Amino acid sequence: MTTPIVHLRDVKKRPGFLALWEKRRNSKEVHWAIECFAEMLGVFLYVYFGVGSTAGFVIGNILSQPLSSLFQVGMAYAVGILFALGVCASTSGGHINPCITVSLVVFKGFPKLKAVRYITAQIIGAYIASWVVYSQWKFLIVEAEETLKAQGVFEATQFTPNGPAGIFGLYLFPGQSLGRVFLNEWVNCTMIGLVLWAALDPTTYFLPPAMGPWVVALTYAACIWGFAVPGISLNTARDVGGRLMAMSVWAAGGRYAAIAALTNIPATLFAVFLYEFFLADSDRVVTPPNLENMNVHANHRRLRQEQKAERRSSRVQSLVDLGDKLSHEKPSISAFDHAPSGNVVERSNV
């Protein structure tokens with residue numbers, strides 16, 4: 001069985017100025033900024049749709065009008081995740097959450113400096129998205145505040161999950177303890193971390209790469225449906241960015257559950273540890289869809305050029321012939337045989 005390696009430039013010619021920009025954009029000096037932009041955009045999409053639906057839910061309750069529902073909020077965040085991964089993952093890897101970035105640093109050797117850049121970009125994306133949502137909903141937010149003032153409950157409600165500021169920042173219900181906030185955040189983020197790491201496991205037969213984003217998105221939605229009322233953040237960037245935006249508008253106020261934004265990182269690390277310690281198995285077979293996904297990434301033209309003198313040292317001996325001439329040749333054909341030892345051995349025909 002043979003599989004052709006066809007790059008986009010082999011079948012579609014880009015306009016000259018875009019080709020020049022792409023060459024510059026993919027240089028080492030610039031590409032890190034493009035990856036950060038992709039992370040910022042991904043979090044923007046996640047927050048924009050989720051917080052926008054939350055605005056309808058909160059304001060609708062204040063105005064006694066059915067503008068949104070908890071189900072709609074969960075679906076909006078899920079759809080935002082799908083959009084974020086679909087649009088941005090091919091460029092940056094689609095972390096979209098500081099929890100994932102930190103977990104990849106600890107367990108997969110992701111570069112630390114790059115992680116700092118990613119997390120900063122993620123928080124900025126959430127901050128910008130929150131501002132955009134606020135601007136689009138401002139006239140109704142002001143109307144909701146006036147309604148609360150007319151009812152004499154503005155001060156008691158504004159900086160709670162039921163107030164306008166609660167659209168953007170995670171605030172506590174009156175009488176709610178930080179211990180319960182911690183428990184709620186820890187359990188939900190652990191569940192998300194387990195599912196997400198299973199989706200990243202190339203030996204998980206029932207979670208092929210194309211299905212992973214859908215499963216992760218529905219996991220977020222399920223947590224929101226079941227536990228958003230007691231209060232969860234699930235994403236440090238969304239929580240910190242939204243809180244900074246709320247502080248920019250209302251300056252201060254409210255008892256903020258910062259513990260939630262801090263808890264989801266160690267909770268995710270705990271989930272990844274559980275999966276790696278009890279569930280991951282290096283003796284399992286990499287599934288064909290995941291092998292194809294790995295092959296697609298390994299055959300990126302720029303990576304082939306940068307690594308043409310190197311070969312993989314893992315059990316996958318070589319997914320591509322990194323020594324091929326790469327500039328102006330026809331697409332190559334690669335096939336893979338399974339040796340008796342179980343290693344994947346390449347057979348290439350040009």
Side-chain angles (χ1 to χ4, degrees), residues 35-36 38-39 41-43 45-46 77-112 114-115 117-119 121-122 186-223 234-238 264-300 303 312-316 319 344:
E35 293 174 325
C36 289
E39 283 296 303
L41 178 60
V43 175
L45 293 170
Y46 167 72
Y77 274 109
V79 169
I81 290 172
L82 291 174
F83 290 167
L85 294 178
V87 173
C88 304
S90 296
T91 300
S92 67
H95 296 194
I96 320 298
N97 191 333
C99 302
I100 306 307
T101 303
V102 173
S103 297
L104 289 172
V105 170
V106 174
F107 290 93
K108 300 294 184 180
F110 191 77
K112 295 179 181 178
K114 193 172 183 178
R117 291 170 173 170
Y118 268 33
I119 293 172
Q122 291 160 2
W186 183 275
V187 174
N188 280 278
C189 288
T190 299
M191 297 300 103
I192 290 175
L194 285 170
V195 173
L196 193 147
W197 217 249
L200 294 176
D201 187 344
T203 68
T204 306
Y205 182 80
F206 293 102
L207 288 178
M211 190 176 179
W214 294 86
V215 173
V216 172
L218 287 176
T219 305
Y220 271 86
C223 290
L234 303 180
N235 187 316
T236 305
R238 178 262 179 271
N264 53 53
I265 293 178
T268 303
L269 289 172
F270 175 68
V272 175
F273 168 77
L274 289 179
Y275 191 90
E276 291 288 346
F277 196 81
F278 292 104
L279 302 175
D281 188 348
S282 299
D283 289 333
R284 287 201 293 252
V285 175
V286 176
T287 63
N290 277 287
L291 191 60
E292 180 182 1
N293 187 48
M294 294 163 63
N295 192 24
V296 168
H297 285 285
N299 277 290
H300 191 288
L303 294 179
R312 296 179 181 272
S313 59
S314 64
R315 288 180 62 84
V316 179
L319 294 180
V344 178

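Predicted model only: the values in this text are computed from it and were never measured.
Screening residues 77-89 for side chain to side chain donor-acceptor pair (under 3.5 Å), with sequence neighbours left out, gives Tyr77-Arg238.
Closest of all the heavy-atom pairs between Cys88 and Gly42 is SG-N, 3.5 Å.
Ser92 contributes a side-chain N or O that, together with a main-chain N or O of Gly94, makes up a donor-acceptor pair within less than 3.5 Å. Asn97 places a side-chain N or O within 3.5 Å of a backbone atom of Leu234 that can act as its donor or acceptor partner. Judged by distance alone, the side chain of Asn299 and the main-chain N or O of Asn295 form a donor-acceptor pair under 3.5 Å. Side-chain atoms of Thr204 come within 3.5 Å of backbone N or O of Ala198 as a donor-acceptor pair. Between the side chain of Asn235 and the main chain of Tyr46, no donor-acceptor pair closer than 3.5 Å is present.
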Exercise. Using the side-chain contact (heavy atoms from CB on, under 4.5 Å) rule, take Asp281 and Arg284 through it: C-alpha gap first, then chi angles, then the decisive distance, then the call.
Key: CA-CA 6 Å; Asp281 188 348; Arg284 287 201 293 252; 3.6 Å; yes
Exercise. Verify side-chain contact (heavy atoms from CB on, under 4.5 Å) between Thr203 and Asn290, making sure each step is shown before the conclusion.
Key: CA-CA 8 Å; Thr203 68; Asn290 277 287; over 6 Å; no
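Going from atom CE of Met294 over to atom CG of Leu291 covers 6.0 Å, rounded to the nearest 0.5 Å. Rounding to the nearest 0.5 Å gives a distance of 9.0 Å between SG of Cys99 and CD1 of Ile119.
Here Phe110 pairs with His95, Thr101, Leu104, Val105, Lys114, Ala115, Tyr118 under the side-chain contact (heavy atoms from CB on, under 4.5 Å) rule; sequence neighbours left out.
Between Ile100 and Leu196, the closest side-chain pair of non-hydrogen atoms falls below 4.5 Å.
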Taking distance alone, no hydrogens or angles, what donor-acceptor pairs closer than 3.5 Å link side-chain atoms of residues 266-277 to residues at least two apart or in another chain?
| from | atom 1 | to | atom 2 | distance (Å) |
| --- | --- | --- | --- | --- |
| Thr268 | OG1 | Asn264 | O | 2.7 |
| Tyr275 | OH | Asp201 | OD2 | 2.7 |
| Glu276 | OE2 | Trp197 | NE1 | 2.7 |

